[in-house]
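Here is the structure we will look at.
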Amino acid sequence: MISEFIVNETDTLQRVLQIIDDSSGGVALLVDRTSGVLQRVITDGDIRRAFLKGDDSDSCLDCLPAHKPVVVHERENIDRVRSLMKEHSIVHIPVVNDAGLPVGLYRRDELEENVLLSPPHLGTDEMTYVTEAIETNWVAPVGPNLDRFEKEFAVRVGSKSAAAVSSGTAALHLSLILSGIKRGDRVACSSFTFVASVNPVMYQGGEPVFIDSEPDGWNMCPKALEMALLAGKNDGKPIKAVIAVNLYGQSARIEKISELCENFGAILIEDSAESLGATYRGQSSGTFGKFGIFSFNGNKIITTSGGGMLVSDDVEAIDRAKFLATQAREPAGFYQHKVVGYNYRLSNILAGIGRAQLSVLSERVESRRKIFDNYVSDLEGLGIEWMPELNEGYSTRWLSVGCLPPDTNLGVEAFLDHLLKRGIEARRVWKPMHLQPLFTDCSFFSHSVEDFSGSLFERGFCLPSGSSLSQNQQQRVIAEIRDYLS
Ligand SMILES: Cc1ncc(COP(=O)(O)O)c(C=O)c1O
């Protein structure tokens, strides 16, 4: 916050020293007491020179000589900020508005560091739980953190039962096994997603059928799903399960999808890897189907470095998932196995990180939503089409996602390359599965004559959205985008 750097002529040298010491800025900004207009920047060197001149810590700031500050105006080109720093051999430049009031502060170190897409954001309790696990020797895929993480998670999303596993992919794989998906079975899956949503179908030897997105929320189009379910029924090879992906922090139109699954006898699995914290009509994403899966990969809204969760109201199915995830070892006094098992359980140490992360989920959602809102308001007028939020839904805005204006001749690759060259990590949206060479033989049901998810891929991008993104970092991203698009 810029206010933490602001002082006026009645403040003392002692106070400025305190500000420089306490704040991340490394300087204080002297403003006129009545108008608030910026007068000068004060560094610790200025204080040293004042002491050498005979002033003491109680001297007021009017003892400092006048010094016209180097400033930039809002929305200044970042390259210009950098070149001013170089030209004047300074490492701080305040940003002022048209009235000359300070509204921001550029620091050279911040301009030089890379802005990442969605880095992990650790809190304060992770170390406590991890240390506890190590001190009590629960360094295994069993232990109190694991039990509590599952219980706390189930309560948080409002599910009867949960199994913590090594990844979201593992959770999805288990959900397909528990749904009885076998070789040759048809499974409908959102096309606009990451490949991990469909890889487990391939592990089971299933046949993916890809469903396009709808324009309203960019997730699975219920109309296209209905066509796929009908086609399956008509040609005697019904779709057995539907994987509805809740992308970029937003629930799909899940009630309609759930109704269709019920009508056609298909099992609904929600891939909520990216939507923990989101809701649809107030109900948590991931709890509408028979199974829901979540990911705690390093880039997700909360992370365990790597991990996942399978949830269901079917407590017996979740018990079975835990059994399968621990090599399907039968309860005997020796190693007895009747079915193929997997090594999929989460470790008790990582579950400790998960517990701490889960406790701050609401704050993380708030931060990400705020970041999205800032992009929308500060990039207004450039024609960017932002991912719409469904009326019934509440998105976490896990990633801030948009599309370049339809009438632009600027390519999305060149746009992202421009940002990357300036140390900003932004990415294209997922390339739909029906356009992947891996799935050329699979069928695809489009939203209309238009391949909607294909068109999103042509123009879509994801901007830095991590909950630890600072205001300055975001302003840097915004300035670069403005600069490029205007
Ligand atoms: C939509 C989607 N599904 C599934 C996964 C798989 O999760 P994990 O990486 O934990 O295996 C991810 C993310 O990584 C994802 O984004």
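Counting starts at 1 for both ligands and their atoms, following the listed order. All of these numbers come straight from a predicted model, not from anything done at the bench.
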Exercise for the section: Drop me the distance from Ser166's OG to Arg345's CZ, to the nearest 0.5 angstrom. Expected result: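 Nearest 0.5 Å value for the OG-CZ distance: 10.0 Å.
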
Problem - Cationic N near anionic O, under 4.0 Å, Lys322 to Glu150 - result: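 Looking at Lys322 and Glu150, the cut-off is met.
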
Problem - Counterpart residues, side chain to side chain donor-acceptor pair (under 3.5 Å), relative to Arg108 (two or more places apart) - result: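 Side chain to side chain donor-acceptor pair (under 3.5 Å) list for Arg108, sorted by chain: empty.
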
Problem - Qualifying residues under side chain to side chain donor-acceptor pair (under 3.5 Å), relative to Ser362, sequence neighbours excluded - result: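 With neighbours one apart ignored, the set is Arg156.
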
Exercise for the section: Enumerate the protein residues lying less than 4.0 Å from ligand 1, judged by heavy-atom distances, in chain and residue-number order. Expected result: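 The answer is Ser167, Gly168, Thr169, Thr193, Phe194, Ala196, Ser197, Val245, Asp271, Ala273, Glu274, Ser295, Asn297, Lys300, Gly307, counting any residue whose heavy atom sits under 4.0 Å from ligand 1.
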
Handout entry: salt bridge (Lys or Arg N to Asp or Glu O under 4.0 Å) contacts in which one or both residues fall within residues 462-474, not counting sequence neighbours
Key =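 Pairs touching residues 462-474 that pass the test: none.
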
Handout entry: Sole candidate of Lys223, His447, Arg253 that passes side chain to side chain donor-acceptor pair (under 3.5 Å) when paired with Glu214
Key =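 Running side chain to side chain donor-acceptor pair (under 3.5 Å) over Lys223, His447, Arg253 with Glu214 returns exactly one hit, Arg253.
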
